[in-house]
**Q** 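I have a structure here, written as structure tokens, and I will follow up with some questions on it.
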Amino acid sequence: MHDREGEASGRRARGELESGVLATLWGAEEPLTARQVRDRLPGDLAYTTVLTILSRLYDKGMLVRHRAGRGYAYAPARDEASHTAEQMHALLEHGSDREAVLSRFVSELSQEDEQLLHRLLSDQDPGQDSAPVGKEP
Amino acid sequence: MRISVYIPLVVTVVLAVLVPGPARRLAPRPAAWALACAALVTALGWLGSLALLAFAGFARIPEVAAEGRWSVSALSADDPVYLTVATAAALALAASCVGLGVAAVRQARHLSWARRECRRLSGDTELAVLDDPSPAAFALPGTPGRIVVSRGMLRCLGDSEREALLAHERAHLRGRHHLFQTLWRLTAAVSPLLRPLADTGGYILERWADEEAAAQVGDRRIVARSVGRAALASAAHPPRAGMLAASGGAVPQRVRALLAPPPPRRALPFVGGALLLAVCCTSLANAASDSEDMIESAQRAACATELKAAGVPGEPVRQPGHGHERCCPRGERRH
């Protein structure tokens, strides 16, 4: 899916894969092995590709890992990735400010919006690969 | 001048009333470009009209007329613009310029803030994850831009939905949507009438990114679910202090658009819009040349009175070059 634009965008595609891997690890409840990461990423990625990205991210200090079976299980390096609390709050608040030059993924919902959304989404097949909404461990 | 100077103002009103509804249902990418063109042209037309109207009043100030050597009485007889209208236009023009200045400073500040924040975020990856339980996701424009997503957001989405979210934010960065946003905010600052256009533009940018994400992920329903789920998760989360209640209604619309087939490409609304903008430009040009003609004939009138006062009989003749320089032979000046 990512390499359809050819080799010229190879670096870009690699950056996108990094994002995908990072997002997968942050979205997971527990550390994941390279194989598990690959299974959760869309498209048919080679195992070695995922492994390469994982080790690069690990080298950058963005991941931690521990032995799991024959390989490693990876998890995001939390204190490394986090802003200081103060910076982060500024970022989130500024990021939610409509005047800021940011595009937010979603805006707040009114009560009716919420009901409408529930209806719209329940008409769809229930997300087979999805975590329950609003659950925060 | 009598009518044409008001046409850009009328076009602005017409666009502000007619565009927001239908534009939301068009294919978002061409709609965004069309809206950007419309906002730019109408904002310039707005400024141009106000400037011409204000000038019509300004030219009747005796000191100004003396400096330009034209006759105030000829101008007032010729010019259909009431002094009150001219004064109102001058005030509106001043307000527009001040508004534009303030908005420009604000936008520049926001852009540089985003740029700084992009650099300050840890890591050099495209995605920067904030270790925060509240769901949030946005694109930070910069060189290169970053996608900022909170841990809470990533946890509430499924695997393919996360991909859709990333594709959506990536589309914002790649399409340089912040430049569209900036343009609309600046034009809305110039003319408050263009504010609905700017609001519509914001929605269209989200739709654009949704459609790009759908093309990338290959399934519109996944993107729909991603958007809906993220919105519900944000709603379920207690709102952060200082968080504004943004315009509701947009998310269900986006989800519905994603559950429907992709919007068809239609030419008619764009042709109509282009015609309106062409009318706006021509009438502004028309008004400008009318205004120039009026000044010229007022100058000739001033000449005629001067020549008569100097005892030279006959009609003033326009000399090649600048008529008013040559029409008083001995360089006499009025006082």
Side-chain angles (χ1 to χ4, degrees), chain A residues 1 15-16 18-20 22-24 26-27 29 40-42 57 60-62 76 78-83 87-88 91-110 112-114 116-118 120-121 123-125 127-137, chain B residues 110-111 114 117 122-123 125-127 129-133 136-141 147-148 151-152 154-163 165-166 168 172 177-178 181-182 205 221 225 227-236 240 242-252 255-256 259:
Chain A
M1 173 186 298
E16 292 181 15
E18 275 185 356
S19 304
L22 261 185
T24 302
W26 274 97
E29 312 264 328
R40 290 177 183 220
L41 284 172
L57 288 173
K60 286 180 188 174
M62 303 187 75
R78 298 189 55 166
D79 41 14
E80 189 61 40
S82 70
H83 254 29
Q87 268 180 349
M88 196 158 66
L91 188 58
L92 281 174
E93 237 138 73
H94 224 102
S96 60
D97 179 1
R98 288 179 73 209
E99 267 297 314
V101 193
L102 303 160
S103 313
R104 293 169 59 212
F105 191 51
V106 291
S107 51
E108 275 79 46
L109 295 175
S110 71
E112 307 91 84
D113 284 349
E114 219 170 298
L116 184 61
L117 261 190
H118 273 300
L120 283 171
L121 290 179
D123 287 346
Q124 291 301 298
D125 45 348
Q128 58 287 72
D129 61 355
S130 306
V133 168
K135 187 184 159 203
E136 182 58 37
Chain B
H110 280 312
L111 279 174
E117 213 51 49
S122 60
T125 44
E126 174 196 39
L127 171 69
V129 180
L130 295 182
D131 198 350
D132 194 282
F138 47 86
L140 265 184
I147 297 171
V148 183
R151 171 170 53 91
L154 290 172
R155 287 269 169 100
C156 76
L157 298 177
D159 293 333
S160 47
E161 293 162 9
R162 269 197 300 272
E163 193 63 17
L165 166 71
L166 291 179
H168 173 102
H172 278 319
H177 289 180
H178 62 285
Q181 195 91 295
T182 301
L205 289 182
R221 286 171 311 167
R225 224 165 43 214
V227 173
R229 225 174 243 288
L232 287 175
S234 308
R240 183 173 286 279
M243 202 126 158
L244 293 169
S247 56
V251 170
V255 170
R256 213 173 307 180
L259 294 177

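This structure is a prediction, so every number in the text was calculated from the model and none was measured. Because only heavy atoms are used, hydrogens play no part in the values below, and waters and symmetry mates are left out as well, while side chains stay in. Naming convention: chains lettered A, B, ... in sequence-line order (proteins, then strands); numbering from 1 in each chain.
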**Q** Enter the distance from B:Ile147:CD1 to A:Leu22:CG here, rounded to the nearest 0.5 Å.
**A** 11.0 Å

**Q** Heavy atoms only: give me the nearest B:Leu166-A:Ala23 pair and the separation to one decimal.
**A** CD1-CB, 4.0 Å

**Q** Can a side-chain donor-acceptor contact be found between A:Glu18 and B:Thr125 if the only test is distance below 3.5 angstrom?
**A** no

**Q** Rounded to the nearest 0.5 Å, what's the gap from CG on B:Leu127 to CE on A:Met62? Could you check?
**A** 7.5 Å

**Q** What are the two closest non-hydrogen atoms of A:Pro42 and B:Glu163, and how far apart are they?
**A** CG-CG, 3.5 Å

**Q** Taking all non-hydrogen atoms of both residues, which atom of B:Pro252 and which atom of A:Leu116 are closest, and how far apart?
**A** CB-CD2, 3.4 Å

**Q** Side chain of B:Arg155, backbone of A:Trp26: donor and acceptor closer than 3.5 Å?
**A** yes

**Q** Is any side-chain heavy atom of A:Leu117 less than 4.5 Å from a side-chain heavy atom of B:Val255?
**A** yes

